[in-house]
Number of protein chains: 2
Amino acid sequence: MNRIELKSLLADSALATPSGRIVRALSERGALSATQIARLTGLAKSTVSTALTELRRSQMVVESGSESAGGVGRPATALTLNPRAGTCIGILIGSTEIQVILADVAHTVLSDKTINLEIDYSPQTAIQHVQRLIAEAYEGQWQRQNGLLGVGIAVGGPVNPVTGTVLRAGGMPTWAGVDMRELFGPIFPDVPIFCDNESNCSAIAEMTWGAARGHDDFVVYTLDLGIGGAIVAGGRVLRGIAGGAGEFGHVVIDPQGPPCRCGNRGCIEVYASFRAPMAEAERHFGRALRLTDVVEMALGGDALCRALIARTGEAGGHGLGLIGSVFNPTLVVVSGRLAMAGDILMKPLAESFERFTLVKHGDVPDLARTILRPSQFSDNGACMGAVGLVLRHHGRLVN
Amino acid sequence: MNRIELKSLLADSALATPSGRIVRALSERGALSATQIARLTGLAKSTVSTALTELRRSQMVVESGSESAGGVGRPATALTLNPRAGTCIGILIGSTEIQVILADVAHTVLSDKTINLEIDYSPQTAIQHVQRLIAEAYEGQWQRQNGLLGVGIAVGGPVNPVTGTVLRAGGMPTWAGVDMRELFGPIFPDVPIFCDNESNCSAIAEMTWGAARGHDDFVVYTLDLGIGGAIVAGGRVLRGIAGGAGEFGHVVIDPQGPPCRCGNRGCIEVYASFRAPMAEAERHFGRALRLTDVVEMALGGDALCRALIARTGEAGGHGLGLIGSVFNPTLVVVSGRLAMAGDILMKPLAESFERFTLVKHGDVPDLARTILRPSQFSDNGACMGAVGLVLRHHGRLVN
DNA sequence: TCGTATTAGTTCTATGGTGAACTTATTCGG
DNA sequence: CCGAATAAGTTCACCATAGAACTAATACGA
């Protein structure tokens, strides 16, 4: 029905108009009152009001019950995008996993499925799994796949912002040079496909719904099997000319160090990735483990797991200190599955960060110091960011 | 006369109005035609036209002769800010030098003077020299000091963006904790004082008048006695929460390396600063030298000087490669006095950069590769940036 | 020398967004 | 139970900006 209309309102050119900005605010935040929209978008109440009458008339926006909770004064009427307006799909193509999230335009998650794969799986394998996962996701939903508004793809490696092509330099050699839109296009006829780096997607998720809500300038630092990150400046995710911005893992800190899978030597990732600790844990326990198992055991009190995570935190702090010296960011959101370990990771990370960064404790008042904060997403941050990519129409692959 | 009016037009709130944007464009670029202003500011021709009649009426903007140079069609009338509207002063407080530039609102340099000082000179010494240099600068000018619109100060170390205070971590220990506005305020009663890091000032100069004109996203990498830099994203100079963004020189690349003056060990600056090469050159030639002397001798063909600069370029490339992996910038402007050496510096720098950065030659098409370009300013980039600070009213010390 | 092409700059009108004033809906205190 | 206080949301006049149509000033070719 109004699917085409919503699509056009989510398009770039329309983002500047009041209606476009309202739709965008709603798709990012879920439910809002008219007054909240005015504050958030910076538009005048009157402008929001007139635009909203139009949007209500066209069924684009619906009232979702007035919340009279607390406070005096007339209660605000909560507004959401009409969930019937369509769905979004977020796909994560990770090095050893594929995740698919189905969400409505109010970013309510309708389905969230993950499968684990052997490393270096082929694009063909991926496409089969994605197709199956999406079919499963729509099962039991009243939403139909022809209401699909857009697909966001989070890729576990640097993506060229212009062509949508995966770069050789990434941690996924079998995907080198693959054009994601060409690959996934046939599965989603006439549906716009956006894609971006996994970490950049995490940044979008953190910014809109996570630990960085309300922040316009921050850094995401991902500690997982690989090291990654993203830089947000002025509310914009920096991509770099070849989509390679935020590759914190492949900063060379020792030209004579051990070789890294990226081709250089002595990258941060060689020292702070959780690959080696995983192997050590598996040797110790004599069985195959998932990263989350190790985190859970650490939280349960296991000494080895705690030590492994702490050691990674310390090594990761060197990289983060370097980022601190380069950016001196207001906020660093630590993401990746290791972030779920909480203080076991964060304490040694913060200590090591303090040691390697330029601006030290005594140099400035506390409120001028970088805040380190773990991510609020357990393990679906990047994939939710892919959904966000669609909702904010941010993933045009060009800035 | 219209001094107050111009001041208010340069103020923040007014920057958004057409008149403000026109004044800003003119103060940044010098002379422009109405059509150029329209293109530059994004305003409609008609809007520019109406605003200009008003600005002309109030003597704020004057015509500076129509340039019928080349091309068919009606020749454009060049417009400039009325130089009688006032002057700006840019001050550079470097580690071993003080520079003062006097410019009119059309950023025409009226006077440019530098003095060299012993390292670790005191703020009191500085203030005396500055006062004298400014008095000298106004000598022989018809402009009077009471027409001073603002003072910009470029400081050779990180500056706290909120308080205007120099941080301990900088390369100027005697200036730790000094509040620049408090220090210089008494010399300039009722004149707004802006200050920022030397490198950030260079970035502003490069962006408005230099090698980065037209670029909204780039990195400045300064190679001189110290290593510094600045990050520009979306036309905004990133400052970081404590003004410490862009401190590329103090990235730790070897925790066991030699101690650095910043307190850490194995910073980039230890390896790529031109301090040690300067000492070597002085030993070799048996006399005191200035950095520019070494550059000139290298350009003249001296083998040792060429080798020293090339070696620094190679070491600097490691740092730059690191920055490349973190940002993957579109453009890197190499500044600092070493940049005057041209290819002697740039060739080894580019080679080393290529080796250490993540995105390599074969990975992406040529137009998706980072451009390295030397600065166009000989040695007054930072100080001109300080002037720009006043003109763009960018140095509010808060973003 | 005159008309045409081309570019610069101006005038006029339509409009979209704002701010002020207003209406509506609720809580709270007497 | 009623009015004051408070906050949400609506209406409307005004004005800044943009776009189209216009005039102005030049080069160039016939």
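Chain letters run A, B, ... following the sequence lines, proteins first, then strands; residues in each count from 1.
When the side-chain hydrogen bond (donor to acceptor under 3.5 Å, both in side chains) test is applied to B:Gln376, no partner is found at least two apart in sequence or on another chain. Residues satisfying the ring pair (Phe, Tyr, Trp, His ring centres under 6.0 Å) test with A:Phe327, not counting sequence neighbours, are B:Phe327. Partners of A:Arg74 by side-chain contact (heavy atoms from CB on, under 4.5 Å), not counting sequence neighbours: none found. Residues passing the side-chain contact (heavy atoms from CB on, under 4.5 Å) test with A:Thr108 are A:Asp104, A:Ala106, sequence neighbours excluded. Considering only residues two or more places apart in sequence or on other chains, A:Arg39 meets the side-chain hydrogen bond (donor to acceptor under 3.5 Å, both in side chains) condition with none of them.
Atom CD in A:Glu54 sits about 16 Å away from atom C1' in C:dG17, given to the nearest Å. Computed from coordinates, the B:Glu63 CD to D:dA25 C1' distance equals 14 Å when rounded to whole Å. The distance between atom CZ of B:Arg21 and atom C1' of D:dT17, rounded to the nearest whole Å, is 11 Å.
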Q: For each nucleotide in nucleotides 7-15 of chain D, reading 5' to 3', give B when a protein heavy atom comes within less than 4.0 Å of its base, S when such contact involves only the sugar-phosphate, and - otherwise.
A: BBBBBB---

